[in-house]
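For the numbers below, each heavy atom of this structure counts, side chains included, while hydrogens, waters and symmetry mates do not. This one's a predicted model, so the numbers in the text were calculated from it and none came from an experiment. Letters go in sequence order (proteins before strands), and every chain restarts at 1.
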There are 2 protein chains.
Amino acid sequence: MKKTVRSEIDGIPERLRSFGVRPLTHRVDVYRYLIEQNNHPTADMIHNDLVKILPSLSKTTVYNVLNHLCEKGAVHRVNVEQHEARYDAMIHDHVHFKCRLCGKVYDLDEIPFPTIDPPTDYSIEIVQVIIGGICPDCQTG
Amino acid sequence: MKKTVRSEIDGIPERLRSFGVRPLTHRVDVYRYLIEQNNHPTADMIHNDLVKILPSLSKTTVYNVLNHLCEKGAVHRVNVEQHEARYDAMIHDHVHFKCRLCGKVYDLDEIPFPTIDPPTDYSIEIVQVIIGGICPDCQTG
DNA sequence: AATTAACTTTGAAATCACTACAAAAAAAAG
DNA sequence: CTTTTTTTTGTAGTGATTTCAAAGTTAATT
Ligand SMILES: [Mn+2]
Ligand SMILES: [Mn+2]
Ligand SMILES: [Zn+2]
Ligand SMILES: [Zn+2]
């Protein structure tokens, strides 16, 4: 019985290839992490978690990989807060909610994404909708 | 004839007081700058411009003032791009448009601000809508 | 008005996220 | 296998923002 590696069963390399990204191991690792956690992590959070299983992974590589995935459109950068970029492998339009107390960033997939029609002489490339407030877990009473 | 200083005629101190901000001179200067320019400037741009007329103004003070104005709600911080916070004294709901080519941030006051209804267990404090794309001035052809 | 307390300003140093760079390693091409 | 191209890594650098403590202002109290 042939040994099966994880990337053969989860289809991550193929998803990356569909974005024109060569599925190198660290790219697969970071992309799988983003998909599995769906956490909107910072580069630092990704590195902290992955370095536990990949001790040689450098932070520079995490930045390189994230920049490459963003350029190719496989991942979106979410500017939810000044001085810390967050990353999201869910690239369909959806509203984000950032809790002021616990800091978590939620996907509000359950509500519709608004239609924005700017004047015709502006050309849209991307629309970000970010709500700030207090999440269900942090409500008092 | 009594000499009239600018702050007596433009009502800036009163506007600041209405937000619970004591109208110290630098606060008035920064706030008036934001209102007059309506430019969504960075802290650095504000300092660069104001230091020409107020040579002793330190960058730290600009940061202090901006943080205070944001805390008191007199000014909004717009996270339009990673590692550069921009500031806005127009605090009514409006859509922002950032041009990828010239970097300018426009107010799209002419289009309606979308209604966002998150699940009731989330409490909203602020909604930001940021469009990325190319502005009229930067369109080719 | 003088004294005291509270707040603000300042510049230097520190922090923190991110980038630049160049050498080493790995992958692809021939 | 050899050469070329791409990727990874650690170190050093950058730039925006914060921290800190001293000096300066403003407000409150005698
Ligand atoms: Mn998301
Ligand atoms: Mn605005
Ligand atoms: Zn929360
Ligand atoms: Zn433009």
Item to complete: Starting at atom CD1 of A:Ile46, determine the distance to atom C1' of C:dA17, rounded to an integer number of angstrom.
Response: 13 Å

Worksheet item: Between B:Arg22 (CZ) and C:dT8 (C1'), how many Å, whole number?
Response: 8 Å

Item to complete: Please state how far atom OH in B:Tyr63 lies from atom P in D:dG15, giving the value in whole angstrom units.
Response: 13 Å

Worksheet item: Taking only side-chain nitrogens and oxygens of A:Asn64, does any of them come within less than 4.0 Å of OP1 or OP2 of D:dT7?
Response: no

Worksheet item: To the nearest Å, how far apart are A:Glu71 CD and C:dT19 C1'?
Response: 13 Å

Worksheet item: Is there a side-chain polar atom (N or O) of A:Ser56 under 4.0 Å from OP1 or OP2 of D:dT9?
Response: yes

Practice prompt. Identify, residue by residue, the members of residues 75-90 of chain B with a heavy atom below 4.0 Å from DNA chain C, and return them in order of residue number, or none.
Written response: B:Gln82, B:His83

Discussion item. So A:Val65 and A:Tyr87, do their side chains get closer than 4.5 Å, heavy atoms only?
Written reply: no

Worksheet item: Just to confirm, is there a sub-4.0 Å distance from OP1 or OP2 of D:dT25 to any side-chain nitrogen or oxygen of B:His26?
Response: no

Worksheet entry | B:Lys98: which of B:Val78, B:Ile131, B:Val80 passes side chain to side chain contact (heavy atoms under 4.5 Å, CB included) | B:Val80

Fill in: Spacing of A:Met45 atom CE relative to C:dC18 atom C1', expressed in whole Å
17 Å

Discussion item. Rounded at 0.5 Å granularity, tell me how far CG in A:Asp44 sits from NZ in A:Lys59.
Written reply: 3.5 Å

Practice prompt. Please state how far atom CG in B:Leu24 lies from atom P in D:dA27, giving the value in whole angstrom units.
Written response: 8 Å

Discussion item. Rounding to an integer number of Å, can you tell me how far B:Asp44 CG sits from D:dG15 P?
Written reply: 10 Å

Worksheet item: What distance do B:Ile91 atom CD1 and B:Phe19 atom CZ have between them, rounded to the nearest 0.5 Å?
Response: 3.5 Å

Practice prompt. Can you measure from CD (B:Gln82) to CZ (A:Arg86) and round to the nearest 0.5 angstrom?
Written response: 13.5 Å

Item to complete: Classify the angle between the aromatic ring planes of B:His94 and B:His40 as parallel (below 30°), tilted (30 to 60°) or perpendicular (above 60°).
Response: tilted

Discussion item. How long is the straight-line distance from CG of B:Asn79 back to CD of A:Glu81, given to the nearest 0.5 Å?
Written reply: 6.5 Å

Worksheet item: Can you hop from A:Ile130 to B:Val95 via hydrophobic side chains spaced under 4.5 Å?
Response: no

Worksheet item: B:His68 NE2 to C:dC7 P: how many Å, rounded?
Response: 11 Å

Worksheet item: To the nearest 10 degrees, how far apart in direction are the end axes of the helix from C:dA1-D:dT30 to C:dG30-D:dC1, each fit to five base pairs?
Response: 30°

Discussion item. Under 4.0 Å from OP1 or OP2 of C:dT10: is there any side-chain N or O of B:Thr61 that close?
Written reply: yes

Fill in: Phosphate-side-chain proximity, B:Ser58 and C:dT10, N/O vs OP1/OP2 below 4.0 Å
yes

Discussion item. Can you give me the closest heavy-atom contact between A:Val62 and A:Ala43, atom names plus distance?
Written reply: CG1-O, 3.7 Å

